[in-house]
Amino acid sequence: GALVSQQPRRAVSKSGASVTIECRALDFQASSMFWYRQFPKRGLVLMATSNEGTDATYEQGYNKDKFPISQPDRTFSSLMVTSVDPTDSGLYFCSARDTALGRDQRPRQESW
């Protein structure tokens, strides 16, 4: 299967600072990368979708000012959490896809 690596595994930050999370597709070229957030005792929530060299598409409640995303090539994406505060606590995950999705075929999130 395809391998994706995410660093750092854990980050602790002071309020007001920024944290950057990096995602790498290790053995394939990713046409899209997806960033998710998980709150305690809840399922994953899709935050945004990124594609090489273009602006990320953000889901409702997320924006590029608070969560800027970069995907300079097909193997790397980064998510920054700016002006960190306690409400930003949670688990953040990335995933990657190696085939292009049309605008109407973006992953759909379901409540768990």
Any pair with a residue in residues 25-77 that passes disulfide (SG to SG under 2.5 Å), sequence neighbours left out, goes on the list, sorted by first then second residue, please. none
Spacing of Glu52 atom CD and Asp73 atom CG [to the nearest 0.5 Å]: 6.5 Å
Ile69-Met47 co-clustered via ILVMFWY side chain contacts under 4.5 Å: yes
Per-pair distances, 0.1 Å, donor-acceptor, side chain in residues 6-24, under 3.5 Å, sequence neighbours excluded:
residue	atom	partner	partner atom	Å
Gln6	OE1	Cys94	N	2.9
Gln6	NE2	Tyr92	O	2.6

Please round to the nearest 0.5 Å and tell me the distance separating atom CE of Met80 and atom OG of Ser70. 9.5 Å
Are the side chain of Lys66 and the backbone of Ser83 linked by a donor-acceptor contact shorter than 3.5 Å? yes
Using every non-hydrogen atom in the two residues, find where Gln71 and Ala30 come nearest and quote the distance to one decimal. NE2-O, 3.7 Å
Please examine the side chains of Phe93 and Val4, heavy atoms only from C-beta on, and report whether any two atoms are closer than 4.5 Å. no
Run the side-chain contact (heavy atoms from CB on, under 4.5 Å) check on Ser31 and Arg74 step by step: do they pass? CA-CA 6 Å; Ser31 60; Arg74 294 173 60 109; 4.0 Å; yes
Please check if Tyr58 and Phe39 belong to a single hydrophobic cluster, counting links between Ile, Leu, Val, Met, Phe, Trp and Tyr side chain heavy atoms closer than 4.5 Å. yes
Could you pull out the closest heavy-atom pair between Glu59 and Leu46, with the gap in Å? CG-O, 3.2 Å
For residues Trp35 and Val45: do they belong to one hydrophobic cluster (side chain heavy atoms under 4.5 Å, members Ile, Leu, Val, Met, Phe, Trp, Tyr)? yes
Look up atom CZ in Arg37 and atom CG in Leu44, then write down how far apart they are to the nearest 0.5 Å. 12.0 Å
Between Thr82 and Phe67, is there a side-chain heavy-atom distance shorter than 4.5 Å? no
Rounded to the nearest 0.5 Å, what separates atom CZ in Arg97 from atom CG in Asn51? 11.0 Å
If Ile, Leu, Val, Met, Phe, Trp and Tyr residues are connected whenever their side-chain heavy atoms lie under 4.5 Å apart, and connections chain through other members, are Leu79 and Phe76 in the same group? no
Path from Met33 to Tyr36 over hydrophobic side-chain contacts below 4.5 Å: no
